[in-house]
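Below: the structure, in structure tokens.
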Amino acid sequence: MLTFPQTGDDTTLPIAVLDRETARTAFPPRSHDVADGDFQAPALKEGRTYDVVVGPTEHGLFARLPLETLPYYPVAVVLERVPGVQGQVVAPAGEEIRGGEIRAVGPGFDVATELEQGGRFAFAGLPTEPISYRVSAKLRDRDRTRTAHARHDVQEGESWVEITMESDRGR
């Protein structure tokens with residue numbers, strides 16, 4: 001059972017439990033309503049080690065809690081404010097971004113935000129660990145609108161990310 005002594009302004013908490021041996025989720029990630037009180041995780045296997053991942057939340061809180069053994073008492077999860085990340089997705093020459101979304105994906109979390117005018121984006125907070133950004137953008141040139149995709153891996157703790165999309169013209 002997980003307790004949350006402090007959740008700030010967040011009313012829901014994304015929760016994932018990763019099996020360290022397989023690097024897979026022990027059960028499908030959940031969205032926990034803070035008003036429901038404590039979170040009771042589905043049954044976990046004895047003798048396995050797990051990472052409990054809570055967040056990143058809408059307001060930039062996050063926790064990664066290693067469990068070496070399964071506790072038989074409630075575990076308090078301390079959510080900490082993580083740094084915000086801003087950036088820009090740059091369209092290929094002669095095209096402009098007309099919308100889309102960017103996802104930040106890491107071990108145990110997957111959060112998304114919309115691309116603003118000019119491809120700018122911001123996350124309230126992301127953990128300072130390696131993240132893969134995945135972009136799906138509507139691009140417009142003189143003749144057509146198309147959906148393009150990009151992927152960008154960054155190092156820990158970057159607060160500004162610039163992703164340049166490649167043109168598929170001539171392909």
Side-chain angles (χ1 to χ4, degrees), residues 1-87 89 100-115 121-137 147-163 165-166:
M1 180 178 302
L2 303 176
T3 65
F4 304 98
Q6 176 187 27
T7 59
D9 293 331
D10 289 294
T11 58
T12 58
L13 302 173
I15 300 175
V17 176
L18 303 175
D19 183 322
R20 279 201 219 143
E21 184 178 311
T22 64
R24 294 185 172 182
T25 55
F27 53 85
R30 307 280 167 90
S31 182
H32 175 66
D33 187 342
V34 172
D36 291 342
D38 299 341
F39 175 77
Q40 180 70 46
L44 300 173
K45 295 180 183 176
E46 288 286 340
R48 295 297 257 282
T49 56
Y50 296 97
D51 280 336
V52 176
V53 178
V54 181
T57 69
E58 181 180 337
H59 294 95
L61 299 176
F62 181 79
R64 182 177 299 276
L65 176 69
L67 296 179
E68 302 298 328
T69 60
L70 294 181
Y72 292 97
Y73 51 86
V75 175
V77 177
V78 178
L79 295 165
E80 296 180 4
R81 185 153 311 282
V82 287
V85 175
Q86 298 180 28
V89 176
E101 90 171 357
I102 183 167
R103 302 189 79 77
V105 181
F109 65 90
D110 181 344
V111 293
T113 191
E114 291 185 22
L115 293 175
F121 63 88
F123 290 96
L126 293 174
T128 54
E129 51 191 55
I131 295 173
S132 176
Y133 292 96
R134 298 174 186 161
V135 178
S136 178
T147 301
H149 302 276
R151 182 182 166 130
H152 179 73
D153 297 315
V154 297
Q155 298 303 309
E156 295 181 18
E158 287 187 342
S159 61
W160 175 263
V161 177
E162 187 168 301
I163 301 169
M165 301 193 83
E166 294 182 20

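What you see below is based on every heavy atom in this structure, not just the backbone, and it leaves out hydrogens, waters and symmetry mates.
Applying the ring pair (Phe, Tyr, Trp, His ring centres under 6.0 Å) test to pairs two or more places apart or on separate chains, those with a residue in residues 34-58 are H32-F39. Within the structure, the salt bridge (charged side-chain N to carboxylate O under 4.0 Å, His left out) test picks out no pair touching residues 74-87 (sequence neighbours left out).
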From CA spacing to verdict: side-chain contact (heavy atoms from CB on, under 4.5 Å), R64, L18: CA-CA 10 Å; R64 182 177 299 276; L18 303 175; 3.9 Å; yes
side-chain contact (heavy atoms from CB on, under 4.5 Å) between L115 and V135, worked out: CA-CA 9 Å; L115 293 175; V135 178; 4.1 Å; yes
Criterion side-chain contact (heavy atoms from CB on, under 4.5 Å) on Q6 and L61, from CA distance to verdict: CA-CA 10 Å; Q6 176 187 27; L61 299 176; over 6 Å; no
Step-by-step side-chain contact (heavy atoms from CB on, under 4.5 Å) determination, L13 to V77: CA-CA 11 Å; L13 302 173; V77 177; over 6 Å; no
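R20 pairs by the side chain to side chain donor-acceptor pair (under 3.5 Å) definition with D51, E68, not counting sequence neighbours. Scored by the side chain to side chain donor-acceptor pair (under 3.5 Å) test, E46 finds Y72 as partners (sequence neighbours excluded). Taking the side chain to side chain donor-acceptor pair (under 3.5 Å) definition, one finds that D38 meets it with nothing, sequence neighbours left out.
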Can you give me every donor-acceptor pair (side chain of residues 104-111, partner residue at least two apart or in another chain, under 3.5 Å) with its distance?
| unit_1 | atom_1 | unit_2 | atom_2 | d |
| --- | --- | --- | --- | --- |
| D110 | OD1 | R103 | NE | 2.9 |
| D110 | OD1 | R103 | NH2 | 3.1 |

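Distance check: T25 OG1 to I15 CD1 gives 13.5 Å after rounding to the nearest 0.5 Å. We find the CG-CD distance between L2 and Q40 to be 8.5 Å, quoted to the nearest 0.5 Å. Taking CG of L44 as the start and OG1 of T49 as the end, the distance is 11.5 Å to the nearest 0.5 Å. Note that CG of L67 is 14.0 Å distant from CZ of R48, once rounded to the nearest 0.5 Å. One distance of note links CZ of F121 with CD1 of I163; it measures 5.0 Å at 0.5 Å rounding.
Shown here is E162, whose CD atom has more than 12 heavy atoms of other residues, nucleotides or ligands within 6.0 Å.
Between P127 and F62 the shortest heavy-atom distance is CB-CE2, 3.6 Å. For I102 against F123, the heavy-atom pair with the smallest separation is O-CZ, 3.7 Å. In plain terms, the two heavy atoms of A124 and G60 that are nearest each other are CB-N, 3.8 Å. Shown here for L79 and V54, the closest heavy-atom pair between the two residues is CD2-CG1, 3.6 Å. Closest approach of P14 and T57 over heavy atoms only: CD-CG2, 4.3 Å. Heavy atoms only, all atoms of each residue included: A76 and T3 are closest at CA-OG1, 3.2 Å.
Of the candidates T11, D9, D10, H59 forms a side chain to side chain donor-acceptor pair (under 3.5 Å) with just one, namely D10.
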